[in-house]
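These numbers come from a predicted model, not from an experiment.
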Amino acid sequence: MIKARKQDFNARVWNKIKRIPKGRVTTYWEVARALGSPRAVRAVGNALGRNLLAPQVPCHRVVKSNGGIGGYSGGLEIKIKLLAKEGVSVKNGKISGFNEIFYKF
DNA sequence: ACGACGGCCCTCG
DNA sequence: ACGAGGGCCGTCG
């Protein structure tokens, strides 16, 4: 259970990730930066990791800053699968054409 | 209030 | 290229 505050940090993250178009990916760093704190990448990952945002948010569309997959609470395999289904190819745990599908806010 | 954890990032050896 | 350490932010116990 998470304390339901008036729009938690998670809500902000989720709101942004939510608007990420299909076949596109973003990075924790970009999200954190969009929130106003590029150093808060840990908080962002934490928010997503808690699944607080649930399936309503495509957390799998969020990858690492170097084009890596990162991680996934339900299973990294699932994340890769989801990406693949959306047209995002993954090579050796890295996004194929990451810079091409990278969605900038 | 304090300490610890986390799907991280960056810098240094 | 690889490994280890530090840092910053937020939430939980």
How far apart are the C-alpha atoms of A:Leu48 and A:Ile17, what are their side-chain angles, what is the distance that settles it, and do they pass the side chain to side chain contact (heavy atoms under 4.5 Å, CB included) test? CA-CA 10 Å; A:Leu48 293 167; A:Ile17 296 171; 3.5 Å; yes

Between A:Phe98 and A:Asn66, does a side chain to side chain contact (heavy atoms under 4.5 Å, CB included) hold up when you go through it step by step? CA-CA 9 Å; A:Phe98 159 66; A:Asn66 69 322; over 6 Å; no

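A:Lys64 NZ to A:Thr27 OG1: the interatomic distance, rounded to the nearest 0.5 Å, is 11.5 Å.
Annotation: A:Gln56, atom CD; neighbour count of heavy atoms from other residues, nucleotides and ligands within 6.0 Å is above 12. Around NZ of A:Lys81, the count of heavy atoms belonging to other residues, nucleotides or ligands within 6.0 Å does not exceed 12.
Atoms CZ (A:Arg12) and P (C:dC9) sit 13 Å apart, rounded to a whole Å. Note: CZ (A:Arg39) to C1' (C:dC9) measures 11 Å, nearest angstrom. One interatomic measurement links the two molecules: CG of A:Leu35 to P of C:dC9, which rounds to 13 Å at whole-angstrom precision. Note: CD (A:Glu30) to C1' (B:dG7) measures 17 Å, nearest angstrom. For the pair A:Leu76 CG and B:dG7 P, the computed distance is 11 Å after rounding to whole Å. Rounded to whole angstrom, the span from the CG atom of A:Asp8 across to the C1' atom of C:dG10 amounts to 10 Å.
Checked by atom type and distance alone, the side chain of A:Asp8 never pairs as donor or acceptor with a backbone atom of A:Asn10 at under 3.5 Å.
Side-chain contact between A:Val62 and A:Val44: absent, with no pair of heavy atoms (C-beta onward) separated by less than 4.5 Å.
Looking at residues two or more places apart in sequence or on another chain, you find no ring pair (Phe, Tyr, Trp, His ring centres under 6.0 Å) involving A:Tyr72.
In summary, of the residues considered (A:Lys16, A:Arg19, A:Glu30, A:Arg61), a side chain to side chain contact (heavy atoms under 4.5 Å, CB included) with A:Tyr103 occurs for A:Arg19 alone.
The residue A:Ala40 sits close only to the backbone: its heavy atoms come under 4.0 Å of sugar-phosphate atoms, none of a base. Across all strands shown, A:Val44 has no heavy atoms under 4.0 Å from either base or sugar-phosphate atoms.
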Could you encode protein contacts along nucleotides 8-13 of chain B as a string, one character per nucleotide from 5' to 3', using B for base contact, S for sugar-phosphate-only contact and - for no contact, with a heavy-atom cut-off of under 4.0 Å? BS----

Give the dot-bracket line for DNA chain B from 5' end to 3' end: parentheses for intra-strand Watson-Crick or G-U pairs under 3.5 Å, square brackets for crossings, | for inter-strand pairing, dots for unpaired. .|||||.||||||

